Amino acid sequence: MTEDRRGLGTAWATAKEIRARILAQTGLTASAGVSYNKFLAKLASDHRKPNGQFAVTPEMGAAWVETLPVSRFHGVGPVTAAKMQRLGIETGADLRAKSLDFLQRHFGSSAEWYHQIVRGVDERPVNPNRERKSSGSETTFSRDLTEDAEIEAAVLGQADDVWEWCERTQGFGRTATVKIKYADFQIITRSRSHTAPITSREQLHAASIALLRSVLPTPKGIRLVGVTVSNFERGLAEPLPLFGHADAP
């Protein structure tokens, strides 16, 4: 076993243990991604949501990225994905076929990033001790939600998950964000910053529902909802965990 593969084996066991702890302590399932860089680990985490883990080895990294739609790439938002589609770029393979010069003409300063990640290259360092900038919870549903009442209930459930963390760590933020992914994979977010930190469950509930109602009634089914709190008071946040995303079972 090479050094890289030994490292992935250790990371796999660590991710499995973290997911087990999350389930034991919170009752929530979690997904985890294991790979040799941040970009691939994030993609791998998304690959087994809401309750699993996936590893991308150095041998498979570049080829695996080519099979994915570019809309799944972190750093490629809905507007950029639509632009890529107009240019005939729908998959990683399509993106890799484009020269760096072509990408620079159409995407400017982002071209180098796209050129690297589609080859499985991401040199960004991992800093497990950085200050937490946000705390969020999201869940993907087994069916599309269309009724206002059930969508609101789902958002309140995610707000409760976030509030449990805020209360436990005494980390209170001033900004609430609601995330929605529709059945067609369009993602929208709504945020509002307050003059003072959100310091009660009721405040977070009210803020989350107000943001959600700005997009209701929904014109199409909703597949995912999430709630995040950010803009913490200095000194009240804890380090980010290394792996996974908590999701409702």
Side-chain angles (χ1 to χ4, degrees), residues 8 11 15 30-126 133-134 136 138-142 144 177-191 215 218-226 228 240 243-245 247:
L8 288 180
S31 63
V34 178
S35 194
Y36 55 94
N37 65 43
K38 292 172 70 172
F39 174 74
L40 290 173
K42 176 62 176 173
L43 283 179
S45 177
D46 290 345
H47 199 61
R48 286 290 184 264
K49 280 188 173 183
N51 183 26
Q53 64 187 62
F54 186 72
V56 180
T57 67
E59 294 83 1
M60 67 182 283
W64 183 67
V65 171
E66 288 189 16
T67 68
L68 303 176
V70 292
S71 59
R72 284 187 54 187
F73 291 4
H74 301 280
V76 177
V79 174
T80 300
K83 181 177 180 179
M84 286 186 175
Q85 187 174 27
R86 292 193 297 270
L87 293 169
I89 303 171
E90 297 192 8
T91 67
D94 297 332
L95 182 58
R96 182 160 186 168
K98 302 300 183 183
S99 68
L100 179 58
D101 179 66
F102 175 91
L103 296 176
Q104 287 173 334
R105 290 200 310 271
H106 292 281
F107 301 102
S109 60
S110 299
E112 181 69 26
W113 169 249
Y114 300 147
H115 190 263
Q116 293 295 309
I117 61 174
V118 79
R119 289 163 173 78
V121 177
D122 179 5
E123 302 293 345
R124 294 176 299 166
V126 175
K133 296 181 179 179
S134 65
E138 62 183 43
T139 188
T140 302
F141 308 107
S142 58
D144 298 339
T177 301
V178 168
K179 173 183 175 182
I180 290 174
K181 180 188 287 186
Y182 292 106
D184 62 3
F185 297 102
Q186 178 191 7
I187 296 174
I188 63 170
T189 60
R190 296 291 184 268
S191 297
V215 299
T218 178
K220 47 194 171 183
I222 289 176
R223 182 55 58 92
L224 173 151
V225 299
T228 299
L240 282 167
F243 298 97
H245 303 276
D247 291 290

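Numbers here are sequence positions counted from 1. Note that the structure is a prediction, hence the values are computed from the model and not measured. Atom set for the values below is all heavy atoms of this structure, side chains included, hydrogens, waters and symmetry mates excluded.
The minimum heavy-atom distance between G61 and Y36, with the atom names listed, is CA-OH, 3.6 Å. In terms of heavy atoms, V65 sits closest to I117 at CG1-O, 3.8 Å. Counting all heavy atoms, side chain and backbone alike, G136 lies closest to T228 at CA-OG1, 3.6 Å. Between V215 and R190, the shortest heavy-atom distance links the atoms CG1-NE, 3.6 Å. Contact between Q53 and R48 at its shortest, heavy atoms only, is O-CG, 3.5 Å. In this structure, G120 and L40 approach most closely via the heavy-atom pair O-CD1, 3.9 Å.
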Distance-only check: which donor-acceptor pairs under 3.5 Å involve side-chain atoms of residues 67-75, not counting sequence neighbours?
residue, atom, partner, partner atom, Å
T67, OG1, W64, O, 2.6
H74, NE2, D46, OD2, 3.0

Show me the donor-acceptor pairs within less than 3.5 Å that the side chains of residues 89-96 make with the rest of the protein, sequence neighbours left out.
residue, atom, partner, partner atom, Å
T91, OG1, A93, N, 3.3
T91, OG1, D94, N, 3.2
T91, OG1, D94, OD2, 3.2
D94, OD2, E90, N, 3.0
D94, OD2, T91, N, 3.1
R96, NH1, E66, OE2, 3.4

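Distance OG/S99 to CD/Q104: 8.5 Å, rounded to 0.5 Å. The distance from atom CH2 of W113 to atom CZ of R124, rounded to the nearest 0.5 Å, is 4.0 Å. Atoms NZ and CG, from K49 and L224 in turn, are 6.5 Å apart once rounded to the nearest 0.5 Å. Atom-to-atom distance recorded for R223:CZ and S142:OG is 8.0 Å, nearest 0.5 angstrom. Between atom CG of residue N51 and atom OG1 of residue T140 there is a gap of 12.0 Å, rounded to the nearest 0.5 Å. The structure places CZ of R105 at 9.5 Å from NZ of K98, a figure rounded to the nearest 0.5 Å.
Between K179 and I187 there is a side-chain heavy-atom pair separated by less than 4.5 Å.
Remark: S191 engages T177 in a side chain to side chain donor-acceptor pair (under 3.5 Å) (not counting sequence neighbours). The side chain to side chain donor-acceptor pair (under 3.5 Å) search around T218 returns none, not counting sequence neighbours. Listed by chain and residue number, nothing satisfies the side chain to side chain donor-acceptor pair (under 3.5 Å) test with K83 (two or more places apart in sequence, or in another chain). For K181, there are no side chain to side chain donor-acceptor pair (under 3.5 Å) partners two or more places apart in sequence or in a different chain.
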### Test side chain to side chain contact (heavy atoms under 4.5 Å, CB included) applied to E112 and L100, step by step
CA-CA 7 Å; E112 181 69 26; L100 179 58; 3.6 Å; yes

### Intermediate values then yes/no, side chain to side chain contact (heavy atoms under 4.5 Å, CB included), V56 and L43
CA-CA 9 Å; V56 180; L43 283 179; over 6 Å; no

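For the pair D122 (side chain) and F39 (backbone), a donor-acceptor distance under 3.5 Å is present.
Counted within 6.0 Å of CZ on F185, heavy atoms from surrounding residues, nucleotides or ligands total 12 or fewer; the atom is thus considered open.
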